[in-house]
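Below, read A as the first sequence line, B as the second, and so on, with proteins coming before strands; counting in each chain starts at 1.
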Amino acid sequence: MDRAARTPGFFARVYAVVGAIPRGRVATYGQVARLLGLPRGARAVGWALRALDDRTARRVPWHRVVGAGGRIALRSGPGPVLQRKRLAAEGVRFRGTHVDIARHGLTS
DNA sequence: CGTATGACGAGCC
DNA sequence: AGGCTCGCCATAC
């Protein structure tokens, strides 16, 4: 286990919240941050997910976290495609390039 | 301890 | 709609 995931630090809490997102639904970085008690910590959440290594990523449903409005935040590499693919596999609908947040949002 | 870095977000243009 | 700027936050150096 990585140090970040073992210690009761920020990363671990982010992973715990993300892990609680139900299958077929998505949450925004801002929402996750809010659940952690950091209304303006969306960016920090992004930092935590970015720090996921291949092994840790296997136990954290990072693909269920999207940007405000359902935007796929990943910009390059296999990430964006993989995320969209995984979400689609869970039945998540898209409206163009964005996730249909109104239909699959955490609180929706 | 100051500066840099992002998988962010809201405002503006 | 698409692109920029600026503010926020936890880390990395």
Side-chain angles (χ1 to χ4, degrees):
Chain A
M1 278 260 248
D2 328 84
R3 180 168 55 75
R6 279 185 287 104
T7 57
F10 184 70
F11 284 14
R13 286 191 282 157
V14 169
Y15 301 155
V17 171
V18 173
I21 302 173
R23 192 168 181 285
R25 285 206 260 173
V26 300
T28 66
Y29 292 86
Q31 251 177 332
V32 173
R34 193 176 90 60
L35 289 173
L36 290 172
L38 292 170
R40 308 269 145 46
R43 209 164 187 178
V45 171
W47 183 267
L49 294 189
R50 180 182 180 285
L52 284 172
D53 53 59
D54 295 321
R55 191 171 57 67
T56 309
R58 277 194 287 258
R59 60 187 183 71
V60 179
W62 57 267
H63 58 283
R64 296 182 189 147
V65 182
V66 298
R71 152 179 171 276
I72 297 297
L74 289 167
R75 305 201 177 180
S76 59
V81 180
L82 179 60
Q83 177 168 28
R84 180 162 180 143
K85 198 161 140 191
R86 288 188 177 181
L87 287 175
E90 296 184 356
V92 173
R93 288 189 174 211
F94 282 76
R95 185 163 63 59
T97 57
H98 296 57
V99 168
D100 187 340
I101 203 77
R103 188 171 158 55
H104 302 285
L106 200 54
T107 63
S108 304

Open item on the list: Assess, by modelled atom type and distance only, whether the side chains of A:Glu90 and A:His63 contain a donor and an acceptor separated by less than 3.5 Å.
Closed with: yes
What is the distance, to the nearest angstrom, from the [atom1] atom on [X] to the [atom2] atom on [N]?
| X | N | atom1 | atom2 | result |
| --- | --- | --- | --- | --- |
| A:Leu36 | B:dC8 | CG | P | 16 Å |
| A:Phe11 | B:dA7 | CZ | C1' | 12 Å |
| A:Tyr29 | C:dC8 | OH | C1' | 16 Å |
| A:Ile72 | B:dG6 | CD1 | C1' | 17 Å |
| A:Trp47 | C:dC13 | CH2 | C1' | 10 Å |
| A:Leu38 | B:dG9 | CG | C1' | 14 Å |
| A:Gln31 | B:dA7 | CD | C1' | 16 Å |
| A:Leu52 | B:dG6 | CG | P | 16 Å |

Open item on the list: I want to verify a distance call: between B:dG9, C:dA10, B:dA7, whose nearest atom is closest to the A:Ala42 side chain?
Closed with: B:dG9
Open item on the list: Closest approach to the side chain of A:Trp62, judged atom by atom: which nucleotide of B:dA10, B:dA7, C:dC9 is it?
Closed with: B:dA7
TODO: Tell me what A:Arg34 touches on the nucleic acid: a base, only sugar-phosphate, or nothing, going by heavy atoms under 4.0 Å.
DONE: nothing
- [ ] Examine B:dA7: is either OP1 or OP2 under 4.0 Å from a nitrogen or oxygen in the side chain of A:Arg50? Give yes or no.
- [x] yes
- [ ] Could you tell me whether the phosphate oxygens of B:dT5, OP1 or OP2, come under 4.0 Å of any side-chain nitrogen or oxygen in A:Arg43?
- [x] no
Task: Main-chain N/O of A:Leu106 paired to A:Arg25 side chain as donor or acceptor, under 3.5 Å - done: yes
- [ ] Would you indicate whether A:Arg95, at its atom CZ, is surrounded by more than 12 heavy atoms from other residues, nucleotides or ligands within a distance under 6.0 Å?
- [x] no
Open item on the list: Using the rule that Ile, Leu, Val, Met, Phe, Trp and Tyr join whenever any side-chain heavy atoms are under 4.5 Å apart, tell me whether A:Val81 and A:Phe94 fall into a single cluster.
Closed with: no
